[in-house]
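Worksheet: the structure to be examined is printed underneath.
The first residue in the sequence is number 1, and the count goes up from there. Order of appearance sets the numbers: ligands from 1, and atoms from 1 within every ligand. Below, each value reflects all heavy atoms present in this structure, side chains not excepted, and no hydrogens, waters or symmetry copies.
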Amino acid sequence: MEEIERLAQLIIESQKVIVFTGAGISTESGIPDFRSPGGIWSRYDPEDFTIQKFLSSPAARKTIWKMSVEGGLLTEAEPNLAHYAIAELYQLGKLDCVITQNIDNLHQKAGVPEDKVFELHGNVGWVVCLSCRRRFPMPEVLQKIKEGIEVPDCPDCQGILKPDAVFFGEALPQETLQEAIRRAQNCDLFIVIGSTLVIYPAAYIPTYAGEAGATLAIVNLTPTPFDHYAEVVIRGKAGEIMSRVMEKVRLS
Ligand code: APR
């Protein structure tokens with residue numbers, strides 16, 4: 001496929017590559033995305049995942065904790081070929097950073113250093129207390145739920161514990177967002193993988209990169225509103241595509 005060749009050539013010519021990922025990069029790891037047929041929002045109501053709902057009552061929190069555990073959002077998934085292809089970009093010294101909407105920690109697990117992963121929507125590996133802001137590893141809190149504490153609260157101050165993912169209606173982590181935008185405005189190649197690009201402000205970031213002169217590439221199973229901005233659009237599965245791209249980059 002000549003688009004595979006084209007994307008490999010763009011990577012070879014670039015010094016500062018940014019990869020922007022969405023849930024579509026993790027479906028091959030067994031984590032459902034949100035808007036594909038059978039995705040999370042075809043099984044759960046996004047309205048139940050607003051911060052207002054979470055704060056409204058212990059019953060709402062019990063439902064959300066229950067959904068999070070059942071919804072597979074917290075399973076021990078493994079990185080797939082697409083995550084490892086991005087980690088190889090880092091090993092080749094090509095990767096400026098990963099900007100991800102995902103909360104599954106798979107980029108870090110695949111070998112991209114923590115300080116090169118900007119998580120716009122938080123990380124489901126941690127739980128934060130909304131009163132004293134202390135953070136706890138998710139496995140510790142999940143253990144309490146498995147022992148029957150259906151709505152865990154902070155062991156220090158009895159405040160409300162919330163998964164450290166960004167709920168609808170919540171602000172994104174501002175420092176992370178600002179740094180991600182700054183980086184996007186200073187890269188040569190901006191590759192989007194596995195996102196519908198319909199959720200803002202995350203979906204603005206590819207525009208900022210393009211406006212600042214970066215070349216845009218999109219690897220996605222289905223069309224996105226930004227396809228017409230992209231120099232290269234590759235329709236297909238991220239794992240296979242990114243593996244084939246990296247094979248060609250390695251040969252250069
Ligand atoms: N390879 C390539 N693309 C894929 C694959 C795959 N294996 N599997 C799915 N996709 C594509 C789908 O076609 C879809 O266009 O990935 C995209 C996933 O889009 P969404 O499910 O909308 O996920 P995302 O774009 O990350 O959603 C953004 O919305 O619900 C909120 O906070 C949540 O971070 C999430 C945000």
Side-chain angles (χ1 to χ4, degrees), residues 1 3-4 7 19-54 64 67-68 71-74 77-86 98-107 110 117-125 162-173 176-177 180 190-207 216-230 232-246:
M1 186 199 280
E3 295 98 332
I4 298 252
L7 180 51
V19 182
F20 178 97
T21 60
I25 198 172
S26 297
T27 54
E28 294 168 65
S29 295
I31 298 178
D33 68 8
F34 294 94
R35 294 173 184 83
S36 288
I40 297 277
W41 299 142
S42 67
R43 286 183 273 147
Y44 295 110
D45 176 358
E47 272 308 303
D48 286 337
F49 279 81
T50 62
I51 187 65
Q52 293 79 2
K53 187 95 177 189
F54 187 79
I64 289 176
M67 270 196 262
S68 298
L73 283 184
L74 311 176
E78 288 303 317
N80 64 59
L81 290 175
H83 295 103
Y84 288 117
I86 296 167
V98 172
I99 299 170
T100 187
Q101 301 169 91
N102 300 341
I103 58 176
D104 54 32
N105 209 46
L106 291 183
H107 288 299
V117 181
F118 293 93
E119 295 173 308
L120 301 177
H121 294 165
N123 183 311
V124 82
K162 182 181 89 61
D164 202 15
V166 176
F167 282 39
F168 287 120
E170 253 191 322
L172 272 62
T176 305
L177 179 62
F190 192 91
I191 307 173
V192 175
I193 303 178
S195 180
T196 43
L197 293 175
V198 296
I199 293 296
Y200 287 84
Y204 281 125
I205 297 179
T207 315
L216 187 61
I218 297 177
V219 176
N220 206 55
L221 262 183
T222 51
T224 81
F226 291 79
D227 287 357
H228 60 287
Y229 283 124
V232 177
V233 177
I234 309 180
R235 194 70 66 230
K237 295 188 76 170
E240 180 205 336
I241 289 168
M242 288 312 291
S243 299
R244 287 170 58 194
V245 168
M246 291 313 292

Task: Qualifying residues under ring-ring contact (aromatic ring centres under 6.0 Å, His included), relative to F167, sequence neighbours excluded - done: F54
Task: Test log, rule side chain to side chain donor-acceptor pair (under 3.5 Å), inputs D164 and N123 - done: CA-CA 6 Å; D164 202 15; N123 183 311; over 6 Å; no
- [ ] Provide the closest heavy-atom pair for S26 versus N80 in the form atom of the first, atom of the second, distance.
- [x] CA-ND2, 4.0 Å
Task: Heavy-atom pair of closest approach, residues V219 and A238 - done: CG1-CA, 4.2 Å
TODO: Can you sort out the partners of A230 under side-chain contact (heavy atoms from CB on, under 4.5 Å), two or more places apart, ordered by chain and number?
DONE: L216, I218, V233
Open item on the list: Which residues pass the side-chain contact (heavy atoms from CB on, under 4.5 Å) test with T207, not counting sequence neighbours?
Closed with: E211, F226
Open item on the list: Just to be sure I understand the cut-off, which residues have at least one non-hydrogen atom under 4.0 angstrom from an atom of ligand 1?
Closed with: G22, A23, G24, T27, E28, D33, F34, R35, S36, W41, Q101, H121, F168, G194, S195, T196, I199, N220, L221, T222, G236, K237, A238
